[in-house]
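Everything on this sheet refers to the single structure shown next.
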Amino acid sequence: MMRKTSLILLSAATGAALTLFVTQPRSVLMGSSARASTSDTYRQLNLFGDVFERVRSDYVEKPDDSKLVESAISGMLSGLDPHSSYMDAKSFRDMQVQTRGEFGGLGIEVTMEDGLIKVVSPIDDTPASKAGIMANDIITTLDDEAVLGLTLNQAVEKMRGPVNTKIRLKIIRKGLDNPLDVTLVRDNIRVRSVRARVEADDIGYIRITTFNEQTTEGLKREINNLNNQIGDKLKGYIIDLRNNPGGLLEEAVTVSDAFLERGEIVSTRGRNAEETQRRSAHPGDLTKGKQVIVLINGGSASASEIVAGALQDHKRATLVGTRSFGKGSVQTIIPLGAGNGALRLTTARYYTPSGRSIQAKGIVPDIEVLQDVPEELKSRTDTKGEASLRGHLKNDGDEKTGSQSYVPPDAKDDKALKMADDLLHGVKVNASAASTGDKAAIDKSSNKEAN
């Protein structure tokens, strides 16, 4: 019997979703030592049963049996490593929505301010934008229920729902004396994980915020748009993966493939050698060999590190910024049946094309660039990295913790972006390509004088 599971790379901070993978259960020949081990296991399970019954009968208040079991499962999984966990049915559904990158909703990015929902911006061509919802609008009621007292997640969940269903919003807008009553019909909303702009008139800047099911198509669309906008004067591309927590393994592979003609992209290796999987590139570089700069920092994790590692190992891109997070493990999502949620279980490590495991180490950029951080933010702009997480999978050699993750809100203050611009315009060159191997950049003019 074949068992269908879901293979994913999860972000360092949040769950991400799935790529389908089919495995054949391994046959087991049980010897005497295996029988002894099994006997010990059953004794431990009997111990669990005894404790469970004692809690049910003697705890000061009558406990919920299902909650006891869920807590026991959660404790077992969380004791393995930071990324293995139990997801109840709601958490499992939320994870699936996140990784699909689309859902029934209104199409507004929101935040919470003074207990009310504030619109950050409407998404183009969605029910919210078509109804005239504006940035800074304050939503006070949802279907006549006051927003005050709800959490942001609760409010968002109420705004989402089946496509073609209605919801009534009461909105306060600055400059209007009376609130607006707006009825919207939910539609299929796609999360925009890829955004792009023209930088310095001749550079394509592409920001990837997460790796969901929409990412590769979004990347292809933006590359095509940039080519049409810039034309023959296009110098190259900046791919910004800073503070991208990761996501789908499949999307990391196809995004990497967009810039490569051939070669391995990533391999995953489990407990047994026969479980090794290798993913390779296919012919067809969407950028037609144009120079690529990849920006990373301490918040770049998981799927982001797969892309950065693949392009670095193939010398297809120059990496600029600070060392990445260092999450080099793969999780398998195992559904437990209707209403029972799912297990998220670490089942493998992943390796870059050169065979590097970045687990608890991260990827070191070719050119390190530290940002100037405002004094009031200095204590909050470094991530501790995978190596600082309690119970993390160990790696051979020196583990690395902590790396800067601050990105200036104003592009003119962004030193890593400026370095990428200079590299693409030839103002600076990557010194790591020289015989010294230094991880730095040097002015092209001074390099000419030295030669």
Side-chain angles (χ1 to χ4, degrees), residues 11 13-17 67 87-195 197 207 209-210 212-214 218 243-245 247 299 339 341 374 376-377 380 406-410:
S11 69
T14 61
K67 292 295 184 184
M87 294 180 287
D88 61 22
K90 181 181 181 304
S91 298
F92 186 30
R93 289 195 302 271
D94 290 345
M95 186 213 69
Q96 291 173 308
V97 168
Q98 179 186 353
T99 53
R100 278 199 307 269
E102 58 181 299
F103 52 87
L106 307 179
I108 45 177
E109 297 179 20
V110 295
T111 187
M112 181 157 276
E113 188 174 282
D114 299 326
L116 298 174
I117 299 300
K118 182 178 181 179
V119 176
V120 176
S121 66
I123 299 172
D124 291 343
D125 199 30
T126 63
S129 65
K130 292 175 182 177
I133 304 296
M134 299 172 62
N136 298 317
D137 281 351
I138 301 295
I139 301 173
T140 60
T141 65
L142 300 169
D143 277 340
D144 299 325
E145 180 180 353
V147 169
L148 195 65
L150 298 178
T151 67
L152 180 60
N153 285 340
Q154 287 171 333
V156 168
E157 191 169 338
K158 286 182 175 296
M159 287 188 280
R160 290 181 180 176
V163 172
N164 294 325
T165 59
K166 294 181 179 180
I167 183 171
R168 295 187 308 279
L169 277 60
K170 182 167 286 187
I171 294 171
I172 296 175
R173 180 174 297 168
K174 187 176 181 179
L176 296 182
D177 295 332
N178 298 314
L180 299 172
D181 288 305
V182 182
T183 298
L184 301 178
V185 178
R186 296 181 180 93
D187 199 356
N188 191 47
I189 308 300
R190 289 193 170 193
V191 176
R192 190 177 175 187
S193 62
V194 183
R195 300 174 186 270
R197 68 173 186 262
R207 166 83 175 127
T209 58
T210 188
N212 60 31
E213 291 179 11
Q214 316 299 326
N243 295 331
N244 180 326
E376 66 274 14
L377 298 177
R380 293 180 287 154
Y406 176 71
V407 178
D410 194 330

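Of the charged side-chain nitrogens involved, none lies within less than 4.0 Å of a carboxylate oxygen, so that K118 and D137 do not count as a salt-bridged pair.
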Could you please spell out the steps behind the side chain to side chain contact (heavy atoms under 4.5 Å, CB included) verdict for R173 and L180?
CA-CA 8 Å; R173 180 174 297 168; L180 299 172; 3.7 Å; yes
In sequence, state the C-alpha distance, the side-chain angles, and the governing distance for I189 and L106, and then conclude on side chain to side chain contact (heavy atoms under 4.5 Å, CB included).
CA-CA 7 Å; I189 308 300; L106 307 179; over 6 Å; no
Could you walk me through whether V185 and T165 satisfy the side chain to side chain contact (heavy atoms under 4.5 Å, CB included) test, starting with their C-alpha distance in whole Å, then the side-chain angles of each, then the deciding distance to 0.1 Å, before giving a yes or no?
CA-CA 5 Å; V185 178; T165 59; over 6 Å; no
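In this structure the side chain of D187 never reaches within 4.5 angstrom of the side chain of T126, judged on heavy atoms. The shortest distance between side-chain heavy atoms of V163 and R186 does not fall below 4.5 Å. You'll find the side chain of P127 stays beyond 4.5 Å of the side chain of I133, heavy atoms only. At least one side-chain heavy atom of I139 sits less than 4.5 Å from a side-chain heavy atom of V119. D125 places a side-chain heavy atom less than 4.5 Å from the side chain of K130.
To the nearest 0.5 angstrom, I167 atom CD1 is 10.5 Å from D144 atom CG. Atoms OG1 and CG, on T111 and L116 in that order, are 11.5 Å from each other to the nearest 0.5 Å. Rounding to the nearest 0.5 Å places CD1 of I138 at 9.0 Å from CD1 of I117. Here the straight-line distance linking atom CG of N212 with atom CZ of R192 works out to 13.0 Å at 0.5 Å rounding. To the nearest 0.5 Å, atoms NZ (K90) and CD (E157) are separated by 4.0 Å. Taking CZ from F103 and CE from M159, the interatomic distance works out to 9.5 Å, rounded to the nearest 0.5 Å.
The environment of D181 atom CG is dense: over 12 non-hydrogen atoms of other residues, nucleotides or ligands sit within 6.0 angstrom.
Donor-acceptor pairing under 3.5 Å is recorded for the side chains of D88 and S91.
Between I108 and A128, the closest heavy-atom pair is CG2-CB, 3.1 Å. Closest heavy-atom contact between P122 and A135: CD-N, 4.1 Å. Across every non-hydrogen atom of A89 and G339, the tightest pair is CB-O, 3.9 Å.
No side-chain donor-acceptor contact under 3.5 Å links T210 to the backbone of S193. In this structure a side-chain-to-backbone donor-acceptor pair under 3.5 Å is missing from N188 to G104.
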